[in-house]
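Input: a single structure, listed below in structure tokens.
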2 protein chains.
Amino acid sequence: MVVVISRLAKKQRQEKLVDYIENNPFITDEDLAKKFNVSIQTIRLDRMELGIPELRERMKKMATKTFDNVKSLHLNEVIGEIIDLQLDQFGISLLEITEDQVFKKTGIARGHYIFAQANSLAVALINQEIALTAKADIRFIRPVYLNERLIAKAKVVSTSGERSEIKVNTYVNNELVFKGLFTVYRSNEFKTE
Amino acid sequence: MVVVISRLAKKQRQEKLVDYIENNPFITDEDLAKKFNVSIQTIRLDRMELGIPELRERMKKMATKTFDNVKSLHLNEVIGEIIDLQLDQFGISLLEITEDQVFKKTGIARGHYIFAQANSLAVALINQEIALTAKADIRFIRPVYLNERLIAKAKVVSTSGERSEIKVNTYVNNELVFKGLFTVYRSNEFKTE
DNA sequence: TACTTAATTAGTACCTGATACTAAAAATAG
DNA sequence: CTATTTTTAGTATCAGGTACTAATTAAGTA
């Protein structure tokens, strides 16, 4: 079988097609046909063989991603979902670790997401116009993995003047994975710099 | 002119339409017509009046966003842009505070973004398979505002066994706004739980 | 009440970017 | 020179629209 030149032409075209579409996902079959100097039917056969969906499907997939990301970006304002809260007293927040939040190599969550959950919660607890983290003393007890659900529990332990101390413990299945002591500055007036 | 009831009905529908589409951008005119119990033409007139593009245009816009954002999502893995790095020695990272990262009321950056930049940098410094934050002692010196550019400077101050201590100072225009002492656990082997 | 204006519905022609299918033509292999 | 691949052509059909015309149904006012 010296089935080379013509088949190579086809294979080459298909290889190029794959990464051309990858880099130009908004191209129509018609334009691809021009690009590769073949008929539109050939392009469609190629897409079939390669399992590449049509333009509109490709766009839909990508659009779905942004849509989901917008949601998580909104959540991003407060990281984690606050499921219980008594202002100036305590609060509970839940966060499920997603792929975006872990090291690819190990599947272990990046520390700042765990911190962010705790910090968001601590700040949310404070019943004032302005609440800013001033200080934090934190400890990561054990790694947290992809898909684990973090339950952060925060308690205001003291308040004096413009500062509150808040203790946050974070658990996965009742196992302590993180703890932190936050000092939060609180104020009613908003003074610009 | 007591042009109320009918017009209100229309206005109300249009208001609802706007935020319904916002929350369900993948809906067709046909389904919208069913949802609102009007004809498909009414929906189309409404969209025209409200300047809402057709489904396919909506999807295309969103898809374009993901396409552009793929890059910034990659950046997201490490928060901030690392502009200088000597493994196991020091590193510098830059982060410009965007709208997503501030409290709407005050325009002050949420602490966990500042922490995330410092933490990312500290972890990136460690020249090992695995590097995990174990502990951190941090202080927010002054609020950071929208559009300010944070320069985080990290230095490894000591290493013993599996732990390194890293000092991170973050500046805006040479003014110290944050400092932290991180203890990072480092290891070559990856032991699953 | 009758008239007028606004709002809604109906219907047609056409567009894009496809799928699905049939069939012919061209290229290549053996 | 024939069998098989590969490519091209062409038709019917679909979804989800635009653009336009015209009729119908409220609703508001003189």
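For clarity, every value in this text was computed on a predicted model and none was experimentally measured. Per chain, numbering begins at 1; letters A, B, ... match sequence-line order.
- Backbone-only engagement by B:Arg47 is indicated by non-hydrogen atom pairs under 4.0 Å involving sugar-phosphate atoms exclusively.
- A:Val184 and A:Leu181 are members of different hydrophobic clusters when ILVMFWY side chains are connected at heavy-atom separations under 4.5 Å.
- Toward the 5′ end of DNA chain C lies the nearest nucleotide of B:Val38, the other residue of the pair B:Val38 and A:Glu54 mapping further downstream.
- For the pair B:Arg13 and C:dA7, the criterion of a side-chain N or O lying under 4.0 Å from OP1 or OP2 is not met.
- Follow the hydrophobic side-chain contacts under 4.5 Å out from B:Phe178 and you reach B:Ile82 in the same cluster.
- No N or O donor and acceptor, one from the side chain of B:Glu57 and one from the base of D:dG17, sit under 3.5 Å apart.
- When each of D:dT8, C:dT8, D:dT6 is scored by its nearest atom to the side-chain atoms of B:Leu45, the top-ranked nucleotide is C:dT8.
- Straight-line distance from the CE atom of A:Met59 to the P atom of D:dG17: 12 Å, rounded to whole Å.
- Closest of all the heavy-atom pairs between A:Ile138 and A:Phe115 is CD1-CD1, 3.6 Å.
- The shortest distance between the side-chain N/O atoms of A:Ser39 and the OP1/OP2 oxygens of D:dT8 is below 4.0 Å.
- Taking each heavy atom of A:Phe140 and B:Lys135 in turn, the nearest pair found is CD1-N, 4.1 Å.
- Nucleotide D:dT8 holds its P atom 12 Å from the CD1 atom of A:Ile40, rounded to whole Å.
- We find that CE of A:Met48 is positioned 18 Å from P of D:dT5, with the value rounded to whole Å.
- One can place CZ of A:Phe36 at 17 Å from C1' of D:dT6, the figure rounded to the nearest angstrom.
- Phosphate proximity of D:dA19 to B:Arg44: absent, as no side-chain N or O sits under 4.0 Å from OP1 or OP2.
- Within the 4.5 Å cutoff, no side-chain heavy atoms of B:Tyr145 are placed close to those of B:Val172.
- Put simply, NZ on A:Lys60 is 14 Å from C1' on C:dA18, counting in whole angstrom units.
- Within residues 14-34 of chain B, the residues approached by DNA chain D to less than 4.0 Å at the level of any non-hydrogen atom are B:Thr28, B:Asp29, in residue-number order.
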Please step through salt bridge (Lys or Arg N to Asp or Glu O under 4.0 Å) for the pair B:Glu49 and B:Lys10, ending with a clear verdict.
CA-CA 11 Å; B:Glu49 287 179 22; B:Lys10 188 184 176 185; 3.3 Å; yes

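- Across all strands, B:Gln41 comes closer than 4.0 Å to base atoms (heavy-atom distances).
- Side-chain heavy atoms closer than 4.5 Å link hydrophobic residues (I, L, V, M, F, W, Y) into clusters, and following such links, even through other members, never connects B:Leu45 to B:Val38.
- Atom-to-atom, CD1 of B:Ile43 to P of C:dA7 comes out at 15 Å; the value is rounded to the nearest Å.
- For D:dG17, its base never sits under 3.5 Å from the side chain of B:Arg56 at any donor and acceptor pair.
- Rounded to whole Å, atom C1' of C:dT8 lies 10 Å from atom CG of B:Asp46.
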